[in-house]
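What you see is a predicted model, and the numbers here were worked out from it, not measured in a lab.
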Amino acid sequence: MKTGTMYIVDGKFTDQYALGKIDSTHVFLKRYKGERPSENDISNGHVFHIAQLKGMADGLYEIVAEWLSGGRQMINIGFEA
C-alpha cells in the first residue's frame, strides 16, 4: 500500500496523520503521536473520499489528489487549518 505522512497545525495544536492509498479517490487516514504507524495500523484508520478533505486544511485536498495520482510524495507535509 502506498503511504504518506502529514501534519495539520490548528492554532497551538499540531496533529500528525498517516495516509494510505485505497484507490484514486479514497484514503485511509490514521492520526498518531510519536512513531509512524505500520501499514496494518494505517489500514485500520478512517476511510475518506478525498472530497471530504476539503475544508479540513488549506491546500490539503489538492495535494492529496495529486499524491493519489502519483504526482508527488507525501512525507511530513504541513498544512494550516
- Item | From I50 atom CD1 to I63 atom CD1, the distance as rounded to the nearest 0.5 Å | 12.5 Å
- Message: Just checking H49: does its NE2 atom have more than 12 heavy atoms from other residues, nucleotides or ligands closer to it than 6.0 angstrom?
- Response: yes
- Task: Decide side-chain contact (heavy atoms from CB on, under 4.5 Å) for L29 and M56; before the verdict, give the C-alpha distance in whole Å, the side-chain angles of both, and the deciding distance to 0.1 Å.
- Result: CA-CA 13 Å; L29 197 61; M56 187 181 220; 4.1 Å; yes
- Query: In a check of side-chain contact (heavy atoms from CB on, under 4.5 Å) between Y17 and each of T5, I77, I8, which one passes?
  - Reply: I8
- Query: Heavy atoms, side chains only, cut-off 4.5 Å: are N76 and R36 in contact?
  - Reply: no
- Heavy-atom pair with the smallest gap, counting every atom of K30 and P37: CG-CG, 4.2 Å
- For L19 and I42, which heavy atoms make the closest approach, and how far apart are they? C-CG2, 3.8 Å
- Item | Joint cluster assignment, M6 & F48, ILVMFWY side-chain distance < 4.5 Å | yes
- Could you give all pairs that pass the side-chain hydrogen bond (donor to acceptor under 3.5 Å, both in side chains) test and reach residues 6-15, with sequence neighbours left out? D15-R31
- Over all atoms of both residues, closest heavy-atom pair of Q52 and V47: OE1-O, 4.3 Å
- Is there a path of hydrophobic side-chain contacts, each under 4.5 Å between heavy atoms of I, L, V, M, F, W or Y residues, that connects Y61 with V27? yes
- What pair of heavy atoms forms the shortest contact from D23 to T25, and how long is it? OD1-N, 2.9 Å
- Message: Please find the pair of heavy atoms, one from M1 and one from S43, that lie closest to each other, and give the distance.
- Response: CE-CB, 4.1 Å
- Side chain proximity check, F79 to D58, heavy atoms < 4.5 angstrom: no
- Within 6.0 Å of CD in Q73, more than 12 heavy atoms from elsewhere: no
- Task: For residues K2 and W67, determine if any side-chain heavy atom of one lies less than 4.5 Å from a side-chain heavy atom of the other.
- Result: yes
